[in-house]
Amino acid sequence: MVGAGAAGLATAIFARRFNRSPSVVLLDGARKPGAKILVSGGSRCNVTNATVTERDFWGGRPSIVRRVLRSFTVDETVAFFREIGVRLHEEAGGKLFPDTNRARDVLEALLRELGRVGATLVPGRRVLGVERSAGGFRLSTDGGDLQAAAVVLATGGRSLPKTGSDGAGLTIATRLGHTIVPATPALAPLVLAPEDSVHRELSGVSHDVELAVRVDGAIAVRLAGALLWTHFGVSGPVSLNASRHWLRAQLEGRPVSITANVRAGAPFEEVDAEWRQLAIASPRASIQTTLATMVPASVAAAFLRQLAIDGAVALAHVPRDDRRRLLNALVAWPLPVVATRGYNYAEATAGGVPLTEIDPATMASRCCPRLHCVGEMLDVDGRIGGFNFQWAWSSGFVAGRAVASGAAR
Ligand SMILES: Cc1cc2nc3c(=O)[nH]c(=O)nc-3n(C[C@H](O)[C@H](O)[C@H](O)COP(=O)(O)OP(=O)(O)OC[C@H]3O[C@@H](n4cnc5c(N)ncnc54)[C@H](O)[C@@H]3O)c2cc1C
């Protein structure tokens, strides 16, 4: 097996749990594998989510994602971690974290279980190439060649390349006959044009919004959640979730724009009606104080300054044009995205090995017999909330079970 991240560790553990006969060797280029588990969830590791369905993922065909997720469910994941000594608890948004709040405990439990089931971990051993050979495969590594009857690629995507996940596995998969859906960062912060944006003055402020990502002029996706203004642009769950949509459109050369609705996605007419009622109920209240009941006061002030609207004016005296401009801004505040912060800051990768080239019952390649692919190297990327790890556990379970039963074709 190539790669000892979440997906590789799961694959190796389940392969040995199902069948102790074949030897399982897990090669990883990193001296200390599991770096991404350690940094995940702010070093607390958001292991999974209370509810995970194919709708929490983008990329390949949802029916294939569903099939894999149903083979190893959240309940089974929670039970597995309990068995290996990691109890999980639920937090906001259904996120499940270890009770100890230490990602290190998750990694250590997985490594302990790997040892208990008798799989061999070889850290600091980078796989340079994989070729088909008479007995299965020949793997060339920076520590010499190896033979294997079956190979599982669990090399991750390209996000956080300093951990060792640099996309090399995608090249190996290509050489073994796979096509690759072009990769882009996913779950990456968005960089905004400084001259057109209020982000610098709002750096550190967070509030809920609904983002609308427009591709070719039509809304392609709406995403709700917390937005965090930063010195470079925007971050926070909703911005991270939006990044892959912006990048995929850019990749395809399609015009894309993002706007933020600070009124929970309400349409203009609804916000207008609400504003008129407020003007009747509190005609002397100023625009600024009224707005500050809807968004943080600093956001209210920045929006008004950007729109050149006098916030001191009482609601009863707001010119019609100003009211319309303000309310339009509240439902569709433009975020002038010029880039994302890229793979170094991305939590996941979109694109990779197409799901249609994988048998979801075994994670076996349809292009190369006795090869399996798992985890983030596949064309699946989950939203923020523990979904990417669930994909790693579920796909690892499916591949491990298949390798153990010799189901590879
Ligand atoms: C900062 C950050 C926080 C995150 N937080 C969360 C979270 O809380 N919850 C969540 O669900 N997801 C989270 N994610 C996403 C999640 O970590 C990944 O989706 C998941 O780790 C992918 O697992 P993987 O095993 O497929 O790949 P990886 O974890 O990337 O592991 C791949 C492994 O393969 C090795 N490798 C690569 N190429 C070779 C080669 N040629 N030879 C040998 N070894 C090789 C690498 O060294 C690496 O160890 C986070 C990601 C980041 C970057």
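In listed order, ligands and their atoms are each counted from 1. Reckoned from all heavy atoms, side chains included, excluding hydrogens, waters and symmetry mates. Since the structure is predicted, the reported quantities are computational estimates derived from the model, not experimental observations.
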May I ask you to list the atoms of ligand 1 that are less than 4.0 angstrom from any heavy atom of [X]?
X: E376; result: 18 (C), 19 (O), 20 (C), 22 (C), 26 (O)
X: G375; result: 26 (O)
X: R125; result: 43 (C)
X: T155; result: 32 (C), 34 (O), 37 (C), 38 (N), 39 (C)
X: S40; result: 3 (C), 4 (C), 5 (N), 6 (C), 7 (C), 8 (O)
X: G3; result: 33 (C), 34 (O), 35 (C)
X: G164; result: 36 (N), 37 (C), 38 (N), 46 (C), 47 (O)
X: G386; result: 9 (N), 10 (C), 11 (O)

Just to check, does [X] reach to within less than 4.0 Å of ligand 1 when the distance is taken from its heavy atoms?
X: P33; answer: no
X: A348; answer: no
X: G382; answer: no

Around [atom], find the nearest protein heavy atom and jot down its residue, atom name and distance.
atom: atom 35 (C) of ligand 1; value: D28 OD2, 3.3 Å
atom: atom 28 (P) of ligand 1; value: S165 OG, 3.7 Å
atom: atom 27 (O) of ligand 1; value: G156 CA, 3.2 Å

Which one holds for [X] and ligand 1: side chain close, backbone close, both close, or neither close, with close meaning a heavy atom under 4.0 Å?
X: A35; result: neither
X: W391; result: neither
X: N46; result: both
X: A7; result: both
X: L128; result: neither

* Step by step, work out the side chain to side chain contact (heavy atoms under 4.5 Å, CB included) result for N49 and V74. => CA-CA 7 Å; N49 197 284; V74 171; 5.9 Å; no
Minimum non-hydrogen distance to [atom], winning option of [options]:
atom: atom 31 (O) of ligand 1; options: G34, G5, C373; answer: G5
atom: atom 52 (C) of ligand 1; options: M377, E347, R383, Q390; answer: E347
atom: atom 42 (N) of ligand 1; options: V127, L160, T171; answer: V127
atom: atom 39 (C) of ligand 1; options: R126, K36, R158, R44; answer: R126

* Asked: Is it the case that N101 and R44 place a side-chain donor and acceptor less than 3.5 Å from each other?
  ->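 Looking only at side-chain atoms, R44 and N101 do form a donor-acceptor pair, the distance falling under 3.5 Å.
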* To do: Could you verify whether a donor N or O on one side chain and an acceptor N or O on the other, from H199 and T230, lie under 3.5 Å apart?
  =>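 No, T230 and H199 have no side-chain donor paired with an acceptor closer than 3.5 Å.
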Tell me whether [X] is salt-bridged to [Y], with the criterion being a basic N under 4.0 Å from an acidic carboxylate O.
X: R17; Y: E83; result: yes
X: R254; Y: D216; result: yes
X: E54; Y: R67; result: no
X: R263; Y: D272; result: no
X: R138; Y: E131; result: yes

Could you tell me whether some N/O pair between [X] and ligand 1 is separated by less than 3.5 angstrom?
X: G169; result: no
X: F389; result: yes
X: V39; result: no
X: G29; result: yes
X: A346; result: no

* To do: Look at the aromatic rings of F397 and F14 and report parallel, tilted or perpendicular, splitting at 30° and 60°.
  =>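 Ring orientation, 0 to 90° scale: perpendicular.
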* Asked: How are the rings of F303 and W229 set to each other: parallel, tilted or perpendicular (split at 30° and 60°)?
  ->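 Aromatic pair F303/W229 classed perpendicular.
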* To do: Assess whether atom CZ of R20 is packed by more than 12 heavy atoms of other residues, nucleotides or ligands within 6.0 Å.
  =>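 Count over threshold, so yes.
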* Asked: Does F232 CZ have over 12 foreign heavy atoms under 6.0 Å away?
  ->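 Atom CZ in F232 is packed in, count exceeds 12.
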* To do: Kindly state whether the ring of F387 and the ring of W391 have centres lying under 6.0 angstrom apart.
  =>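 So the answer is no for these two rings.
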N/O donor-acceptor pair under 3.5 Å between [X] side chain and [Y] backbone:
X: R401; Y: A15; result: no
X: S243; Y: L240; result: yes
X: D208; Y: V262; result: no

